[in-house]
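One structure below.
Because the structure is predicted, anything quoted here is derived from the model rather than measured. Order of appearance sets the numbers: ligands from 1, and atoms from 1 within every ligand.
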Amino acid sequence: MQEKFYLTTAIDYVNGKPHIGHAYEKILSDVIIRHKRQLTDKAYMLTGTDEHGVKIQKTAAAKGISPIELCDENFSGFEKAWKELEISYDQIIRTTDEKHKKTVKKIFKKLLENGDIYKHSYTGLYCAGCESFLNAKDLTQDGLCPDHLKKPEEITEENYFFKLTKYKDKIAEYIKSHPDFIKPSIRVNEILNQLENIEDISVSRTKSSVQWGIEVPNDDTQTIYVWIDALSNYITAIGYDSEEPSEQFKELWPADVHVIGKDIIKFHSIYWIAILMSLGLPLPKSIFAHGWITIDQSKMSKSLGNVIAPHDVLTAFNLEKPDAFRYYMASAALSGKDGNYSDEDFKEKVNADLANNIGNLLNRTLNMLVKYFDGELKSDFISDENSKAAILASNTKTQVIECFNRFEVAEAANLIVSFADNINKYVTDSAPWTLAKEGKMLECGRVLYNVLEAMRHIAIMIYPYCPNIAENILTQLNEKADFKYTNLYWGGLKNGKITEKDKIKPVFLRLDSEFATDKKKG
Ligand code: MSP
């Protein structure tokens with residue numbers, strides 16, 4: 001039985017355009033889901049946009065347009081960016097979708113009926129940037145929000161509150177007894193500490209402070225707090241309904257992983273879990289918190305003028321396909337760690353790994369095959385599965401799968417590249433050109449077979465990062481573009497004439513430094 005795999009990403013705020021921080025998460029998620037699809041037919045990826053809240057209301061007002069006009073405009077910007085980056089999601093949800101809004105109301109009602117929501121008057125320090133109340137002890141020395149460096153407003157409101165404290169012990173117990181729940185595990189203590197001081201949370205705002213949101217059922221003076229609205233997308237998108245959940249919901253839920261940034265881990269591993277407990281739903285199997293991407297070692301910000309859109313990187317480097325950018329971003333940081341983007345690094349990394357290492361390996365081996373064997377792999381070239389290259393391939397495959405099970409996307413890429421590195425060394429050590437010169441044609445042919453069969457393995461394993469390059473490699477090996485892991489066995493490369501001189505093309509052209517301009521800074 002193939003297991004299903006349901007992956008969700010954070011849903012992006014549409015009060016601006018997508019930048020490479022948003023892109024980082026979607027690329028990581030896409031690489032994971034493409035890898036899972038290599039193993040199962042039941043892998044499903046959900047992404048989306050978070051469209052309610054005071055920030056969107058204010059941005060729209062400043063532009064003189066309605067909130068939904070702003071949402072429509074920016075949503076299409078996100079959709080376009082994901083298309084260009086070949087993010088292969090199965091579904092994209094908007095929190096302004098009617099179906100979502102209707103179900104969020106039902107969810108709110110169910111929490112109320114369960115006795116987990118109550119009305120209460122509250123005075124607190126509200127940060128519009130975070131869209132949440134902050135504790136005085138979390139502010140900077142100057143009394144500012146640590147994330148937005150703005151003074152929070154003191155607000156008194158009568159709101160609905162969710163009994164988070166009721167679930168505190170149960171959540172702590174769950175986290176402790178499920179070591180794979182929060183990834184990477186270095187985040188576990190941070191969450192357990194935050195749980196210690198947790199209080200009930202306000203889950204609505206008065207309409208006078210936030211108009212742009214979903215109305216609380218049977219109370220037109222209040223809107224539902226944006227986080228309840230946003231988090232619920234993971235279940236509303238696939239047809240959750242408290243009365244009659246859809247077949248799709250029954251098949252996909254619980255999520256196998258929520259991929260999110262480290263800044264929103266508290267909302268996912270505490271608030272969301274409590275809501276699910278209250279609804280009586282199974283809990284997600286894991287929450288993977290990735291790190292943050294900086295630009296030239298600085299935090300991306302509008303005021304610094306260093307916000308980069310993924311499209312601008314592709315344009316600046318004249319890239320028709322997103323493979324190099326996807327590869328660079330997916331390997332920019334080890335699992336859960338912060339990473340950095342710089343033009344220089346980008347060029348160096350993709351030139352070294354994709355052009356010099358993987359690309360040249362294929363190119364020179366195919367050229368030798370043409371030169372010595374007229375492009376033909378003879379049947380007696382096939383080596384057995386105990387050859388050094390075969391063992392390396394099989395070990396790499398096992399380790400790559402293990403990495404992905406731990407959401408170690410960059411680590412898996414490193415393994416694939418280091419496999420290619422080892423095969424390059426194998427070519428140098430075996431010197432097939434010398435074997436040919438000495439007339440040892442069978443030995444020479446066997447070396448070439450090993451290298452090309454290793455290339456077939458590399459194409460399949462690198463596919464989630466670089467789908468176009470991978471397809472190009474398989475085409476040049478005269479193989480069809482089938483990237484399933486069931487094809488990863490030694491000896492799969494078909495013999496016979498596989499290429500000729502003018503069919504051999506570089507799979508990735510080195511990035512020329514003159515392409516790098518500063519037109520992407522904007
Ligand atoms: N709308 C909320 C998420 C709700 S999920 C139910 C939100 N939106 S966001 O647009 O601010 O961020 C979307 C995702 O992008 C988050 O996971 C966030 O961590 C991630 N990133 C935003 N900037 C980032 C970087 N500079 N680097 C890496 N990821 C970043 O939060």
Side-chain angles (χ1 to χ4, degrees), residues 7-30 46-56 59 71 74-75 77-78 81-82 85 87 92-96 100 104 107 127-132 147-148 183 187 212-214 224-237 255 257-273 275-276 284 287-302 304 306-310 328-330 332-342 407 409-410:
L7 176 150
T8 68
T9 72
I11 52 174
D12 302 306
Y13 286 128
V14 285
N15 58 329
K17 298 192 179 348
H19 55 59
I20 67 175
H22 299 121
Y24 174 60
E25 176 174 290
K26 300 329 178 249
I27 291 172
L28 277 185
S29 303
D30 189 54
L46 172 71
T47 189
T49 46
D50 193 354
E51 306 197 354
H52 291 126
V54 78
K55 271 194 275 182
I56 285 155
T59 312
C71 293
N74 284 334
F75 170 77
F78 277 90
W82 302 158
L85 295 178
I87 306 298
I92 185 161
I93 184 176
R94 301 177 62 174
T95 56
T96 48
H100 172 79
V104 168
I107 290 172
C127 169
C130 300
E131 307 213 11
S132 64
D147 287 338
H148 298 92
K183 289 275 174 202
R187 299 257 169 236
W212 183 238
I214 304 173
I224 295 174
Y225 175 46
V226 71
W227 274 99
I228 292 235
D229 168 2
L231 290 162
S232 300
N233 92 87
Y234 302 135
I235 56 176
T236 65
V257 62
H258 292 315
V259 179
I260 53 158
K262 63 178 186 180
D263 55 319
I264 54 174
I265 188 165
K266 177 168 108 186
F267 297 101
H268 284 79
S269 53
I270 301 181
Y271 295 14
W272 178 228
I273 299 310
I275 295 170
L276 289 170
I287 292 170
F288 166 46
H290 60 76
W292 267 45
I293 296 294
T294 50
I295 305 286
D296 299 327
Q297 310 298 341
S298 309
K299 196 170 169 176
M300 234 183 304
S301 84
K302 278 190 189 147
L304 282 177
N306 66 348
V307 179
I308 300 183
Y328 176 79
M329 293 308 281
L334 294 181
S335 187
K337 298 265 194 313
D338 292 337
N340 181 57
Y341 174 88
S342 84
F407 310 115
V409 177

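The side-chain heavy atoms of Asp12 and Trp82, taken from C-beta on, include a pair separated by under 4.5 Å. Put simply, the side chain of Ile214 reaches to within 4.5 Å of the side chain of His100, judged on heavy atoms. The closest side-chain heavy-atom distance from Trp227 to Asp50 is not below 4.5 Å. When side chains are defined from C-beta on, Thr47 does not count as touching Ile87, because their heavy atoms never get closer than 4.5 Å. Taking the side chain as every heavy atom from C-beta outward, Ile93 and Thr236 approach each other to under 4.5 Å. By the 4.5 Å heavy-atom criterion applied to side chains, Thr95 and Ile11 are counted as neighbours. Contact of the Thr294 side chain with the Asp338 side chain is not registered, since no non-hydrogen atoms from C-beta on lie closer than 4.5 Å.
Considering backbone and side-chain N/O atoms, Glu25 comes within less than 3.5 Å of an N/O atom of ligand 1. Taking distance alone, with nitrogen or oxygen atoms compared against 3.5 Å, His22 approaches ligand 1 more closely than that limit. Taking only nitrogen or oxygen atoms, main chain and side chain alike, Tyr234 does not reach within less than 3.5 Å of ligand 1. The shortest N or O to N or O distance between Trp227 and ligand 1 is not under 3.5 Å. Residue-to-ligand polar distances keep Ala10 apart from ligand 1: every N/O pair is separated by 3.5 Å or more. An N or O contact shorter than 3.5 Å is missing between Asn233 and ligand 1 by distance. Taking any N or O of Ala230, backbone or side chain, none lies under 3.5 Å from an N or O belonging to ligand 1.
Taking CD1 from Ile235 and CH2 from Trp272, the interatomic distance works out to 4.0 Å, rounded to the nearest 0.5 Å. Note that the CD1 atom of Ile92 and the NZ atom of Lys26 stand 9.0 Å from one another [nearest 0.5 Å]. Atom CD1 of residue Ile293 and atom CE of residue Met329 lie 4.5 Å apart, to the nearest 0.5 angstrom.
Among Trp272, Tyr13, Trp292, the residue whose heavy atom lies nearest to atom 30 (C) of ligand 1 is Trp292. Of the listed residues (Glu51, His290, His268), the one carrying the non-hydrogen atom nearest atom 29 (N) of ligand 1 is His290.
The single protein non-hydrogen atom nearest to atom 25 (C) of ligand 1 is Gly21 CA, 3.4 Å, given as residue, atom name and distance. If you check which protein heavy atom lies closest to atom 2 (C) of ligand 1, you get Ile11 O, 3.4 Å. With hydrogens left out, the protein atom closest to atom 13 (C) of ligand 1 is Asp12 OD1, 3.1 Å, a heavy atom. The protein non-hydrogen atom at the shortest distance from atom 27 (N) of ligand 1 is Ile293 N, 2.9 Å. Of all protein heavy atoms, the one lying nearest to atom 18 (C) of ligand 1 is Asp263 OD1, 3.7 Å.
At least one heavy atom of Gly291 sits closer than 4.0 Å to an atom of ligand 1. Ligand 1 lies nowhere less than 4.0 angstrom from a heavy atom belonging to Lys299.
With ligand atoms numbered from 1 in the order given, ligand 1 contributes 26 (N) to contacts under 4.0 Å with heavy atoms of Met300. Shown in contact with Asp50 at under 4.0 Å from a heavy atom are these atoms of ligand 1, numbered in order with element: 1 (N), 2 (C), 4 (C). Atoms of ligand 1 lying under 4.0 Å from at least one heavy atom of Gly261, given by number and element, are 17 (O), 19 (O).
Applying the 6.0 Å contact sphere to NZ of Lys17 captures no more than 12 heavy atoms from other residues, nucleotides or ligands.
Aromatic pair His19/Tyr341: centroids not less than 6.0 angstrom apart.
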